[in-house]
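The next block holds one structure in the form of structure tokens; read it before the comments.
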Amino acid sequence: MKCNQSVLLFCVQQEDTDHNYYTSKTYGPTDPMSKDLWVNVDQMDKDKVKIHGILSNTHRQAARVNLSFDFPFYGHFLRDLTVATGGFIYTGDVVHRMLTATQYIAPLMANFDPSVSRNSTVIYFDNGTALVVQWDHVHLQDNYNLGSFTFQATLHSDGRIVFAYKEIPMEVAQISSVNHPVKVGLSDAFVVVHRIQQIPNVRRRTIYEYHRVELTKTKITNSTAVEMMPLPTCLQFTSCDSCISSQINFNCSWCHLLHRCSSGFDRHRQDWVDNSCPDEVNIILIALHLKDNGAMPKESAAERKDTHPLHTGLILGILVVLLIMAAAVLVTVYIYHHPTSAASLFFIERRPSRWPAMKFRRGSGHPAYAEVEPVGQEKEGFIESEQC
């Protein structure tokens with residue numbers, strides 16, 4: 001059967017997209033799955049459905065929500081999340097004021113202000129195997145007349161994440177990001193603690209975003225949905241044998257001190273570094289490979305040493321310089337094409353202080369969110385690094 005234009009669009013929107021940690025599939029308005037993935041809150045158990053009174057009447061607020069199940073996110077099991085009025089869920093352990101920067105689940109992050117309309121609510125409920133968060137009839141603060149948005153995010157205990165959209169009155173790509181970031185997708189990061197040499201007993205925490213899923217905004221319209229399926233990570237392996245023999249998208253290593261399998265890029269990065277756990281050895285392997293291919297045979301080198309010691313030393317010196325230059329070029333090329341590799345992170349973590357980084361301060365370009373019920377955690381003193 002030959003596909004017509006509408007069917008062709010339907011086929012394209014169903015295509016799986018691999019994001020290394022997740023695969024995503026988008027369903028168009030005519031696809032029955034879009035309707036099936038939408039959770040009708042009105043049909044749920046009334047005792048479990050909660051309308052958050054403060055979030056439904058404020059702007060740029062966030063509130064902690066405890067889960068009744070372990071939710072795997074990038075391989076980490078989470079038991080509490082932070083729901084924000086701006087159309088996203090913050091997944092970090094430490095709550096700070098710049099929640100939009102990283103570590104988020106964002107069906108539609110934008111400058112939503114539930115306080116401008118009595119019909120706007122932020123709803124969530126947990127049925128034991130899934131958490132549904134719905135932003136219902138919310139308006140953009142800087143463009144109220146465009147109409148209301150209704151969408152939701154469903155987090156399943158098996159790690160699946162579903163974004164479902166009921167009412168999207170305008171093109172998402174046209175939403176202004178002047179006063180608030182506009183994002184659709186996922187992000188995760190790890191925190192690294194640095195000592196400040198100039199100030200004794202003071203440490204600086206830096207957040208490194210190691211991965212981000214950016215979904216296509218033009219495909220988000222009324223009655224659409226996106227389903228994201230988690231892919232295997234190193235963290236799921238619990239023994240040395242299964243770890244080092246794993247065949248997934250990542251180079252897994254086993255740390256005997258921590259009894260943990262990791263690629264070196266997850267939320268346990270600090271422990272991994274502090275305990276000198278194995279890391280990727282691409283730089284060493286490249287150097288050894290060049291040495292094996294460039295070294296002269298022992299017999300020939302010995303012969304030349306006996307007959308022409310000065311000439312032999314000069315040749316060896318030139319070879320060493322060439323090997324170093326070739327290794328530097330190969331490492332540079334590798335880092336450029338593998339921005340999330342251990343080598344890349346090694347240089348980023350040891351960068352000079354003048355390298356670009358965004359401080360979590362007023363004027364940083366990130367809107368400040370206030371937590372509804374602060375839990376006494378540190379709010380300031382963070383630095384957000386660019387994506388590794």
Side-chain angles (χ1 to χ4, degrees), residues 52 54-67 71 73-74 76 78-115 120 122-124 131 133-135 138 140-142 149 151-153 155 161 163 172 175-192 204-215 267 357-388:
H52 200 287
I54 298 179
L55 295 184
S56 299
N57 293 280
T58 53
H59 178 230
R60 289 185 182 174
Q61 294 283 331
R64 281 291 179 117
V65 174
N66 296 320
L67 302 177
F71 170 65
F73 184 64
Y74 280 90
H76 306 89
L78 309 181
R79 283 292 272 208
D80 56 77
L81 302 165
T82 303
V83 177
T85 56
F88 68 98
I89 302 170
Y90 174 70
T91 64
D93 295 326
V94 181
V95 177
H96 50 79
R97 294 179 63 83
M98 308 306 172
L99 303 185
T100 61
T102 184
Q103 292 186 308
Y104 55 75
I105 299 172
L108 181 50
M109 181 192 295
N111 194 22
F112 293 113
D113 185 358
S115 67
S120 301
V122 178
I123 307 169
Y124 66 92
L131 171 73
V133 180
Q134 180 170 316
W135 291 263
V138 292
L140 293 170
Q141 187 192 55
D142 40 14
F149 294 71
F151 55 93
Q152 61 184 208
L155 316 183
I161 301 174
F163 295 162
V172 174
I175 298 177
S176 174
S177 59
V178 174
N179 298 317
H180 194 289
V182 179
K183 302 178 183 180
V184 180
L186 312 174
S187 170
D188 200 26
F190 54 81
V191 178
V192 175
R204 181 187 66 187
R205 292 181 177 181
T206 304
I207 299 179
Y208 290 92
E209 182 183 59
Y210 65 88
H211 190 263
R212 181 187 300 178
V213 175
E214 295 181 329
L215 300 177
R267 297 191 179 191
M358 293 185 291
K359 293 185 178 181
F360 283 3
R361 295 289 188 269
R362 180 174 297 178
S364 65
H366 293 276
Y369 271 78
E371 190 180 10
V372 171
E373 297 177 355
V375 291
Q377 293 170 302
E378 183 180 0
K379 304 288 185 180
E380 298 290 347
F382 278 83
I383 292 178
E384 180 209 3
S385 170
E386 67 277 2
Q387 186 176 9
C388 301

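In this chain, residues are counted from 1 in sequence order.
Of the possible polar contacts, none joining the T85 side chain to the H59 backbone as a donor-acceptor pair under 3.5 Å is found. Remark: side-chain polar atoms of Q134 are not paired, donor with acceptor, to backbone N or O of I123 under 3.5 angstrom. Judged by distance alone, the side chain of W135 and the main-chain N or O of A84 form a donor-acceptor pair under 3.5 Å.
Using a 4.5 Å heavy-atom cutoff, the side chains of H52 and V83 are not in contact. Taking the side chain as every heavy atom from C-beta outward, T102 and Y208 never approach each other to under 4.5 Å. For the pair D113 and R60, the minimum side-chain heavy-atom distance is 4.5 Å or more. Looking at Y74 and V213, their side chains come closer than 4.5 Å, going by heavy atoms from C-beta outward. Annotation: side chain of F163 is not in contact with side chain of L108 (no heavy-atom distance under 4.5 Å). Under the 4.5 Å side-chain criterion, counting only non-hydrogen atoms from C-beta, L155 is in contact with I89. With contacts defined as side-chain heavy-atom distances shorter than 4.5 Å, the pair F71/L131 does not qualify. T91 is not listed as a side-chain neighbour of H76, based on a closest heavy-atom distance of 4.5 Å or more.
Contact record, A189 with I207: CB-CG2, 3.6 Å, taken as the closest heavy-atom pair. A pairwise comparison of heavy atoms in Q152 and P107 identifies O-CB, 4.1 Å as the closest pair. Of all heavy-atom pairs between K183 and A106, the closest is O-CB, 3.8 Å. Among all heavy-atom pairs drawn from V182 and S176, the shortest one is CG2-O, 3.5 Å. Nearest heavy-atom pair, S120 versus V138, reported as atom, atom and distance to 0.1 Å: OG-CA, 3.6 Å.
Here the straight-line distance linking atom OG of S187 with atom CZ of F73 works out to 7.0 Å at 0.5 Å rounding. Rounding to the nearest 0.5 angstrom, the gap separating the OG atom in S115 from the CD1 atom in I54 is 13.0 Å. From D188, atom CG reaches atom NE2 of H211 across 10.0 Å, with rounding to the nearest 0.5 Å. Interatomic distance, CZ of R267 versus OH of Y210, reported as 6.5 Å (0.5 Å rounding). Taking CG from D80 and OH from Y90, the interatomic distance works out to 10.5 Å, rounded to the nearest 0.5 Å. Taken to the nearest 0.5 Å, the CG atom of L67 stands 7.5 Å off from the CG atom of L78.
Take Y369 and apply the ring pair (Phe, Tyr, Trp, His ring centres under 6.0 Å) test, not counting sequence neighbours, and it matches F88, H180. Residues that satisfy the side-chain contact (heavy atoms from CB on, under 4.5 Å) test with S56, not counting sequence neighbours, are I51, T121, V122.
The aromatic rings of F151 and F112 sit tilted relative to each other, their planes meeting at an angle between 30° and 60°.
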